[in-house]
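Here's the structure we're looking at; comments come further down.
Indexing begins at 1, ligand by ligand and atom by atom, following the structure's order.
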Amino acid sequence: MISELNAQFGIQGELDFVEDGSGLILSRITNAHGSGTLCLQGAHLMSWQPVGQKAPVIWLSKDAKLAVGKSIRGGAPVCWPWFGAHATESAFPGHGFARTVPWRVIESGRDVGGETRLVLRLVASEKTLEQWPHACNLDLAITFGESLRMELTTENTGNEDFVIGEALHTYFQIGDISEVSVKGLEGCEYWDKVGGSNLKRQEGEIRFTGETDRVYINTASECVIRDDRLRRSIHVAKSGSLSTVVWTPWVEKANKMGDMGQPDGWREMLCVESANALDNQVKVAAGTRHTLIVEYRAVSY
Ligand code: BG6
């Protein structure tokens with residue numbers, strides 16, 4: 001399996017596949033622009049660090065566990081075909097099944113600017129079809145360049161329309177949660193999931209003083225995480241996405257979660273998720289496709 005993957009999709013000195021002790025397969029990417037790692041289970045981006053950045057841009061918990069059928073804490077989980085709890089089936093997994101099932105590599109290559117590109121497709125099974133009985137393909141294309149670009153494409157190959165919720169649930173590495181701000185959502189409405197679910201409006205930039213779990217709706221804006229400790233801004237640009245989720249668990253919830261990297265891992269991460277959730281779920285008509293695209297860039301100051 002590994003040797004076949006390397007023979008078919010490996011790129012000498014730039015892209016290879018290795019087996020982790022847990023039985024999962026990781027793809028390692030190194031090029032002139034930086035380095036990254038991706039787990040084939042879940043098409044889960046685990047790390048990305050562009051050249052010139054002293055710290056990774058993507059946060060991975062130091063207690064993250066790699067295990068068959070389990071989601072990895074940190075990186076960029078792919079939430080699909082629903083976001084959050086399933087609308088009617090409480091036994092179905094939160095944020096959908098895409099992040100915990102195998103994906104296969106369907107393409108790899110180098111772009112003109114020396115970027116490395118990898119495309120994966122979700123492998124449907126009896127279990128996924130039980131929870132999502134629709135004919136479709138789900139592909140994730142990732143391009144590792146000066147910026148990191150991810151394109152999540154849902155193709156409806158059947159004869160009936162369906163509706164999806166989705167997110168690229170990215171954990172960004174920050175210096176300290178109390179010293180960062182997020183700009184780009186001023187004036188937007190959001191569902192505040194802390195202490196119930198209330199619709200509110202964002203006044204000014206976002207700063208963090210406690211658990212924050214918000215689904216901003218009807219926004220295609222770029223967000224900028226300003227990080228005065230690491231002296232950099234992370235730009236989160238997107239298209240095909242009208243929701244942005246901003247999440248930090250804060251200390252109590254992080255302690256309960258148990259895999260956030262004790263004692264202070266939670267202080268060094270912030271999720272800014274490009275999504276189509278709640279009011280912004282997407283109808284994918286029969287025979288059509290929908291693509292959610294993100295592009296991340298770190299700029300030092
Ligand atoms: C966020 C949700 O997107 O993901 C939070 O808004 C949730 O409510 C968080 O706690 C983490 O989810 P999970 O399933 O990875 O623990």
Exercise. Between Trp80 and Trp132, does the ring centre distance come in under 6.0 Å?
Worked result: yes
Exercise. Would Glu203 and Arg201 pass as an ion pair if we require N to O under 4.0 Å?
Worked result: no
Problem set entry | Option set Arg99, Lys253, His169, criterion heavy-atom distance to atom 15 (O) of ligand 1, minimum | Arg99
Exercise. Side chain or backbone of Glu211 under 4.0 Å from ligand 1, or both, or neither, by non-hydrogen atoms?
Worked result: neither
For this session: Hey, could you give me the CD1/OG1 distance between Ile164 and Thr154, rounded to the nearest 0.5 Å?
Result: 3.5 Å
For this session: List the atom of Ser27, the atom of Leu118, and the distance in Å for their closest heavy-atom pair.
Result: OG-CD2, 3.6 Å
Exercise. Which protein heavy atom lies closest to atom 16 (O) of ligand 1, and at what distance to 0.1 Å?
Worked result: Arg73 NH2, 3.1 Å
Side-chain atoms of residues 294-301: list all donor-acceptor pairs with protein atoms under 3.5 Å, sequence neighbours left out, distances to 0.1 Å.
| from | atom 1 | to | atom 2 | distance (Å) |
| --- | --- | --- | --- | --- |
| Glu295 | OE1 | Arg149 | NH1 | 3.4 |
| Glu295 | OE2 | Ser147 | OG | 2.6 |
| Tyr296 | OH | Thr170 | OG1 | 2.7 |
| Ser300 | OG | Gln53 | NE2 | 3.0 |
| Tyr301 | OH | Asp227 | O | 3.0 |
| Tyr301 | OH | Asp228 | N | 3.3 |
| Tyr301 | OH | Asp228 | OD1 | 2.5 |

Exercise. Which residue and non-hydrogen atom of the protein lie closest to atom 11 (C) of ligand 1, and at what distance in Å?
Worked result: Trp247 CH2, 3.6 Å
For this session: Below 4.0 angstrom from a heavy atom of Glu273, which ligand 1 atoms are there? Numbered from 1 as shown, please.
Result: 1 (C), 3 (O)
Exercise. Among Val246, Asp213, Val215, which residue places a heavy atom closest to atom 8 (O) of ligand 1?
Worked result: Asp213
Problem set entry | Minimum-distance pair of heavy atoms, taken over all atoms of Lys62 and Gln262 | NZ-O, 2.6 Å
For this session: Considering heavy atoms of the protein only, find what lies nearest to atom 12 (O) of ligand 1 and give residue, atom and distance to 0.1 Å.
Result: His95 NE2, 3.6 Å
Seminar exercise, completed: Within 4.0 Å of some non-hydrogen atom of Phe83, the atoms of ligand 1 are 3 (O)
